[in-house]
Every structure is written in C-alpha cells, then in structure tokens.
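Below is one structure, written out as structure tokens, with a few remarks after it.
Since we're looking at a predicted model, the values are computed, not measured.
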Amino acid sequence: MQNNEKKSELNIFLTSIPKVLSSKTSIIIFLLLFVYLVVFGIIGLLPALKVLEPSNTAQLILGNYTNVLSALGAAIAAGVGSSVHKHVRAHRQQTADLQTTVDRLEKEIKQLSKQIADSK
C-alpha cells in the first residue's frame with residue numbers, strides 16, 4: 001500500500017512541475033536573470049565599466065546564458081504542453097458526449113420511423 005502512495009505522491013509531484021515552470025513567477029525570474037546576465041555582460045565588455053562586471057563566481061552561481069534561455073524555453077513549453085493536454089481532454093469528452101447524443105437521437109428516429117410505419 002505504501003508503494004502506491006509513493007507512486008501517487010510522485011505522480012502529483014511530477015504533474016505539478018509543468019505548472020510551476022509555466023507560472024508567471026518562474027518566467028519573470030528567468031527573464032530578470034537573463035536581463036541581468038546580458039546587461040552586466042555588455043557592461044563588462046566596456047573597459048570603462050569593467051568594475052561593474054559580475055565576478056566569475058557570481059556568473060557561475062546565477063547560471064549562464066544558455067541555461068537561462070533553456071529554462072525559459074522549458075517553462076513556456078511546459079505551460080503550452082499542459083494547456084494543450086487539457087484542451088485535448090476536454091475536446092475528447094465533448095466528442096464522446098456528442099456521440100452519445102447522436103446515438104440516442106438515431107435510436108429515437110428509428111423508433112419514430114417504426115411507429116409511423118406501424119400506424120400506416
């Protein structure tokens with residue numbers, strides 16, 4: 001029983017990752033980090049402003065350009081992916097509901113046709 005509970009907790013955790021990555025807060029953090037790295041990277045290229053360039057340690061701690069861009073891309077993709085899956089599930093449910101209605105209507109049409117044919 002404990003193994004199933006762990007699996008369900010793991011599933012809950014894994015399904016929450018796209019929501020967290022695609023949250024506005026995450027995207028804003030990634031964008032600010034990217035802007036920080038770009039701005040200070042450009043400032044560091046100017047000899048007069050070399051003092052403002054972040055240290056190598058700070059750049060390593062905050063990540064590099066590739067990691068920031070890939071994190072931002074992952075966040076956006078996760079949000080889009082989860083949104084698409086929600087819409088696909090909703091569309092499948094609507095399709096199933098419509099098919100049920102069509103089947104019921106066809107059955108009623110057959111019954112009405114039979115009643116009409118019997119009354120003649």
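Here CG of D118 is found 6.5 Å from NZ of K114. Values are rounded to the nearest 0.5 Å. H87 contributes atom NE2, which lies 10.5 Å from atom CD of Q94 (distance to the nearest 0.5 angstrom). One finds the CZ atom of R92 at 9.0 Å from the CZ atom of R89 (value rounded to the nearest 0.5 Å).
I29 pairs in a side-chain contact (heavy atoms from CB on, under 4.5 Å) with only one of the listed residues (T25, L31, L32), which is T25. The only option from K110, R104, Q111 that meets the side-chain contact (heavy atoms from CB on, under 4.5 Å) definition with K107 turns out to be Q111.
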